[in-house]
Amino acid sequence: MQIGLVGLQSSGKTTLFNTLSKESSHAQLGKEEAAVEVVKIPDKRLDKLTEIFNPKKKVNATIEVFDFPGLRMSEDNKVKITTQFLNSVRNNDALFYIIRQFRDESIPHPMLSVDPVRDIEFLETEFLFSDLSFLENRLEKLRKEALKSKDERIKRELPLIEKCFAHAEKEKPLRLLELDENELKLLSGYQLLTLKPLAVAVNFDEDSVNKINEFMKEIDSKLPRLSAPVIPFFAKIEYEMSALEEADRQSFMADYGIEESALSKILRTSYEILGLQSFFTVGEDECRAWTIKKNYTAQQAAGVIHTDFFNKFIRAEVVHYNDFIAHGSFNKCKEAGTWRLEGKEYIVKDGDILNIRHN
Ligand SMILES: Nc1nc2c(ncn2[C@@H]2O[C@H](COP(=O)(O)OP(=O)(O)OP(=O)(O)O)[C@@H](O)[C@H]2O)c(=O)[nH]1
Ligand SMILES: [Mg+2]
């Protein structure tokens with residue numbers, strides 16, 4: 001899974017990005033290309049399982065985070081989005097708008113004033129225009145083709161693109177349009193920007209903690225079509241904290257009234273907007289967390305571990321993490337009836353511990 005941090009220049013993307021990884025920082029200011037980091041997803045349940053099984057290896061689930069260069073003012077005093085930028089952003093599975101709320105005279109804003117609502121609207125509008133122009137071209141092409149071809153795909157796609165275009169024309173992001181699984185499949189190759197799962201992360205300065213509630217209300221009333229989670233964070237102090245040991249960081253965070261780190265919020269929100277969950281595999285060799293979509297069957301989950309496990313799937317041994325911790329061992333779980341053998345249609349739950357039986 002890939003998530004992209006996008007926004008205007010100097011909104012705090014790279015500062016946030018650098019808190020994601022404590023070991024290294026690959027990002028550089030002002031580069032044309034996005035920097036990327038593979039971020040380990042912290043999981044207390046995996047830590048606990050590792051403690052119990054004492055395996056040779058512990059493998060966290062990971063997510064790739066892309067830090068995009070910010071949008072800046074061009075020579076005609078306007079902030080512009082290039083096609084190249086849009087195309088690289090398109091490759092992400094989900095987007096995070098990184099929006100500046102902090103005020104600092106020494107750091108100029110590319111639109112010359114700090115106005116988070118305006119900045120969110122700007123990104124939304126640009127992305128919507130990009131989708132609209134794609135849909136318009138596609139529509140024209142499909143209509144021409146429909147006249148001379150009886151192709152099944154064209155027949156199915158034309159009304160869908162018409163529906164999307166009519167929706168986007170009303171200046172509504174495509175994520176607000178109700179689409180079924182088949183329709184989403186037909187659209188998936190086009191990588192429409194306003195159809196992507198979105199979250200908005202707002203970079204507050206440390207003195208503004210008490211303004212957050214008011215700000216959230218303002219977003220709700222001024223941007224009713226946003227329909228994306230809004231998460232406040234504090235790039236600067238979180239970056240300073242990221243160098244500290246865990247215990248010191250906890251007390252530092254408490255001093256500022258920060259309940260959850262930006263990293264944790266961003267990863268949790270990514271899972272939410274992408275509809276993801278985790279399952280575990282355990283053993284003496286390895287304890288591992290895997291990422292799958294919600295509603296994945298046991299067979300699909302097996303396929304994430306290995307394609308052979310999908311093809312040669314027989315059954316899955318399943319215990320939920322909570323049951324395992326409550327009873328202490330697989331044998332105790334068997335006695336209690338919480339250890340089960342499930343077939344390939346079983347819908348995996350977040351926190352299931354699986355062992356795949358295969359040919
Ligand atoms: N005062 C203050 N400064 C901040 C805060 N967050 C970031 N900065 C500063 O703002 C400047 C720009 O931050 P970056 O993280 O590089 O911003 P960016 O969004 O990556 O910028 P571009 O990549 O150029 O678009 C840096 O000097 C940061 O130290 C903040 O919360 N408060
Ligand atoms: Mg940057």
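For clarity, every value in this text was computed on a predicted model and none was experimentally measured. Order of appearance sets the numbers: ligands from 1, and atoms from 1 within every ligand.
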If you measure from atom 26 (C) of ligand 1 to every heavy atom of Asp67, Ile107, Thr19, which option wins on shortest distance? Ile107
Does Arg100 make a cation-pi contact with Phe102 (under 6.0 Å, within 45 degrees of the axis)? yes
Thinking salt bridges, do Glu272 and Arg268 make one under a 4.0 Å N-O criterion? yes
I'd like to know if Arg225 pairs up with Glu171 as an ion pair, taking the criterion as any Lys NZ or Arg NE/NH1/NH2 lying under 4.0 Å from an Asp or Glu carboxylate oxygen. no
Report yes or no: does Phe17 have a heavy atom closer than 4.0 Å to ligand 1? no
Report, in ascending order of atom number, the atoms of ligand 1 lying under 4.0 Å from any heavy atom of Ser11. 17 (O), 18 (P), 19 (O)
Proximal atoms of ligand 1 relative to Ala235 (non-hydrogen, under 4.0 Å): 6 (N)
Would you say NZ of Lys332 has more than 12 non-hydrogen atoms from neighbouring residues, nucleotides or ligands within 6.0 angstrom? no
Inspect the surroundings of NZ in Lys349 and state if more than 12 heavy atoms from other residues, nucleotides or ligands are less than 6.0 Å away. yes
Residue-level breakdown please: for Phe234 versus ligand 1, do any non-hydrogen atoms fall below 4.0 Å on the side chain, on the backbone, on both, or on neither? neither
Contact (N/O only, under 3.5 Å) between Arg103 and ligand 1: no
Looking at Ser10, Gly70, Pro110, the heavy atom closest to atom 21 (O) of ligand 1 belongs to Ser10
Which ligand 1 atoms does Phe204 reach within 4.0 Å, using its non-hydrogen atoms? 31 (O)
CZ (Phe165) with more than 12 external heavy atoms under 6.0 Å: yes
Distance check below 2.8 Å: does Thr15 bring an N, O or S atom to the Mg ion (ligand 2)? no
Determine whether the side chain, the backbone, both or neither of Arg72 has a heavy atom under 4.0 Å from any heavy atom of ligand 1. side chain
So which of Thr15, Thr14, Asn203 gets nearest to atom 13 (O) of ligand 1, if we judge by its closest heavy atom? Thr15
What I want to find out is whether Asp207 reaches Lys211 closely enough, with some N-O distance under 4.0 Å, to be called a salt bridge. no
Is the shortest distance from a Lys or Arg side-chain nitrogen in Glu145 or Arg138 to a carboxylate oxygen in the other one below 4.0 Å? no
Run down the list Gly7, Gly12, Ser106 and name the one with the heavy atom closest to atom 17 (O) of ligand 1. Gly12
